[in-house]
Q: 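Here it is: the structure, laid out below.
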Amino acid sequence: MAAIITSVLCVWLSLASSLSFTVTVHGIKRWPGGSSTRYYDFKVQTKRVTKLCKSQNIVTINGMFPGPVVYAQEDDRVIVKVTNQTPHNATIHWHGVRQRLSCWFDGPSYVTQCPIQAGQTFTYEFTLVQQKGTLLWHAHVSWLRATVYGAIVVYPKAGVPYPFPYPYQEHIIILGEYWLKDVLKLEQDVLASGGAPPVADAFTINGHPGPNYNCSGNDVYKIDIVPGKTYLLRLINAGLNTENFFGIANHKLTVVEADAEYTKPFTTDQVMLGPGQTLNVLVTANQPIGKYSMSVGPYMSAQNVSFQNITSIAYFQYLGARPNGLSLPADLPTFNDNFAVKTVMDGLKGLNTSSLPKEIDKNLFVTIGINVQKCNRKNPKKTCQGANGGIMAASMNNISFIRPNVSLLESYYRDVRGHFTEDFPGAPLKFYDFVNGAPNNAPNNTNSMNGTRVFVLEYGTRVQLILQDTGTVSTENHPIHLHGYSFYVVGYGSGNYNPDKAKLNLVDPPYMNTIGVPVGGWAAIRFTADNPGAWFMHCHLEIHLSWGLSVVFIVKNGQGPLETLPHPPADYPRC
């Protein structure tokens, strides 16, 4: 696991060793590049691992779990050759990368590309235009991202300092979930049952379950700490179906970045990350010499949902501490502590609001939630195991998204009809008390409509999007991720959104790519649609994505080559 631990010196040596050249794509000079181009070779491979008393094959990149770290500098070009050496379909999504004029390389299967099939190769190319900080990459087909994930670390340009005290060391901390079942078959079985998924067998920290789980006393991650020094922890939640609290026993966390954008520093006892979210925190080793637990536990806001409740532990161990000594436990919030989540969100204030749209061209209102469809399958005892004998689904504006069996982006680009419709509603078809008055006598009134519907935006449209949680089955915090863009979170609150009463922050809102819409509440985000392509917006709880809680925004071309999506690459995968 040494590959996932990095010091500043090692990073800069790695950066200095890369080649550089001026980048020209499809004959047109694109956005200015950084000092170099970073090359990576990803091989999708199976690997035999032993965890939780059992050996099994899992899918990895280059035999690593978690996968290799992608290092770069702001404005660098990144080129990653992905070769699929498994019998399974594969794609890689570069979560949080804004993909300026490079939508072809975004990675969600059947949205921007067909999967990379067994034995095939596809090369991803993108420029990190005005981006720096901590992001992640992960598989974006089926539930493969349960084991196929890794960190993206983008450093500022040479000579540009952090807007906070320089840390003694930096460490990557990736939160995950681990199953003892084949996750690809697991998704198939869950969808075939019509019911909810089983809980994960363990939470993990950098791939290690920690000593609270069976056969895992030595399967634990550890950081050696020098007393008095300050450390930067790059926190990433790569989990599949659970949001998580993170804390370190007896230590404060000072948040300085969220989703690869600097924030005004604020200090807290613990943080909550939904899948897909990243936070950079500073931790000062100011406690007596000892061994302290870094702990990951569940945040579960939905009602009547099973979840893994055993905490994963890693060690924040001072030099000089007894290696076999007991670790002091971290005090995490209870699993349904909504106030702890709100406290962290309240503390997030952005440093840079230069691109915040103050005026709005398009207001959108999108409800999000769980549905129960009527049972229309044979053998309902086995295939209709959702609430009240129905089939579980999820939707936006009561429409469950059905992914096509072709690339939606290519269909749009080549004007191939019949694979999607441009009629996703910009507001619910019916307004009511979404939180408290939802029709939840399942399955009769919670049926969602199915379809591959998209919403089309003209280039340059300034968008305000209200995301409203609903109580159709249960209210729940939903981590909503928008591909291709970051957005300003200008407001959030409990209950139903009321434009006359909602307090919006147009001074220092955080700039994020994944927002946890509050349980039984709403969030307001703003962005400018200035990147042409087909962009997926979905809940990052994988079961909700499988159930259809997603939509695609198509952003049209603007004027000239810097506002126009180029042709697809020569090695673009075919279905």
Side-chain angles (χ1 to χ4, degrees), residues 1-16 66 68-69 71 132-134 150-151 153-156 158-175 204-211 217-236 245-258 262-263 265-271 273 278-296 311-332:
M1 198 54 60
I4 205 165
I5 309 172
T6 177
S7 68
V8 173
L9 176 60
C10 291
V11 169
W12 287 111
L13 287 175
S14 172
L15 293 176
V69 180
Y71 290 109
K132 51 189 175 292
T134 303
V153 175
V154 186
Y155 284 91
V160 178
Y162 293 142
F164 47 81
Y166 212 80
Y168 175 69
Q169 278 186 342
E170 302 180 10
H171 293 267
I172 298 169
I173 305 292
I174 306 182
L175 319 182
T204 59
I205 300 176
N206 288 346
H208 300 280
N218 295 319
D219 197 354
V220 55
Y221 180 74
K222 177 172 69 76
I223 300 176
D224 291 319
I225 299 301
V226 177
K229 300 296 186 182
T230 297
Y231 293 80
L232 179 69
L233 303 185
R234 298 178 178 271
L235 305 178
I236 299 170
F245 289 111
F246 174 88
I248 305 177
N250 294 17
H251 289 75
K252 299 288 187 179
L253 310 176
T254 298
V255 178
V256 293
E257 179 189 299
Y262 296 135
T263 63
F266 80 97
T267 301
T268 180
D269 292 324
Q270 63 275 314
V271 293
L273 296 91
T278 67
L279 289 173
N280 281 6
V281 299
L282 294 173
V283 184
T284 299
N286 56 8
Q287 296 300 303
I289 291 176
K291 185 163 63 172
Y292 298 84
S293 293
M294 296 188 290
S295 299
V296 174
T311 301
S312 178
I313 290 175
Y315 296 139
F316 194 74
Q317 184 168 315
Y318 285 61
L319 295 178
R322 290 185 301 156
N324 297 324
L326 296 176
S327 63
L328 294 173
D331 186 18
L332 295 181

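The figures here come from the full heavy-atom set of this structure, side chains too, leaving out hydrogens, waters and symmetry mates.
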Q: Could you measure the distance from the OH atom of Y292 to the CG atom of N250? Nearest 0.5 Å is fine.
A: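 Taking OH in Y292 and CG in N250, the distance rounds to 5.5 Å.
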
Q: For the atom pair CG (N206) and NZ (K222), what is the distance rounded to the nearest 0.5 Å?
A: 13.5 Å

Q: Is it true that a side-chain atom of T268 and a backbone atom of Q270 form a donor plus acceptor pair closer than 3.5 Å?
A: yes

Q: Hey, are the side chains of D269 and D331 touching, using non-hydrogen atoms and a 4.5 Å cut-off?
A: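 No, their side chains stay 4.5 Å or more apart.
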
Q: Please round to the nearest 0.5 Å and tell me the distance separating atom CG of L282 and atom CD of E257.
A: 10.5 Å

Q: Apply the test side chain to side chain donor-acceptor pair (under 3.5 Å) to residues S327 and S293: give CA-CA distance (whole Å), side-chain angles for both, the deciding distance (0.1 Å), then the verdict.
A: CA-CA 6 Å; S327 63; S293 293; 3.0 Å; yes

Q: With side chain to side chain contact (heavy atoms under 4.5 Å, CB included) as the test, would you mind laying out the steps for I173 and I223 before giving the verdict?
A: CA-CA 10 Å; I173 305 292; I223 300 176; 3.9 Å; yes

Q: Walk me through whether N280 and F164 qualify under side chain to side chain contact (heavy atoms under 4.5 Å, CB included).
A: CA-CA 11 Å; N280 281 6; F164 47 81; 5.5 Å; no

Q: Please report the interatomic distance OH(Y315) to CD1(I205), rounded to the nearest 0.5 Å.
A: 10.5 Å

Q: Check I174 against P66 and note the closest heavy-atom contact, atom names and distance.
A: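 Taking every non-hydrogen atom into account, CD1-CB, 4.0 Å.
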
Q: Heavy atoms only: give me the nearest V220-G210 pair and the separation to one decimal.
A: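 Reported closest heavy-atom pair: CB-CA, 4.1 Å.
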
Q: Could you tell me which non-hydrogen atom of I313 sits nearest to which non-hydrogen atom of S295, and how far apart they are?
A: CG1-OG, 3.9 Å

Q: Kindly compute the distance separating CG (D224) from CZ (F316), expressed to the nearest 0.5 Å.
A: 10.5 Å

Q: Quick one: closest heavy-atom pair of T311 and V296, and the distance?
A: CG2-O, 3.2 Å

Q: For residues 317-324, which side-chain donor-acceptor pairs fall under 3.5 Å, sequence neighbours excluded?
A:
unit_1 : atom_1 : unit_2 : atom_2 : d
Y318   : OH     : H251   : NE2    : 2.7
Y318   : OH     : N286   : N      : 3.3
Y318   : OH     : Q287   : N      : 3.1

Q: Nearest 0.5 Å, what's the NZ-CD1 distance between K291 and I225?
A: 13.5 Å

Q: Using a 3.5 Å cut-off and no angle test, enumerate the donor-acceptor pairs between side-chain atoms of residues 228-236 and protein atoms at least two apart in sequence or in another chain.
A:
unit_1 : atom_1 : unit_2 : atom_2 : d
T230   : OG1    : T284   : OG1    : 2.9
Y231   : OH     : V226   : N      : 2.7
R234   : NE     : E170   : OE1    : 3.1
R234   : NH1    : T134   : OG1    : 2.7
R234   : NH2    : Y162   : OH     : 3.2
R234   : NH2    : E170   : OE1    : 3.0

Q: Might you work through the side chain to side chain contact (heavy atoms under 4.5 Å, CB included) test for F246 and L253, ending with a clear yes or no?
A: CA-CA 10 Å; F246 174 88; L253 310 176; 4.1 Å; yes

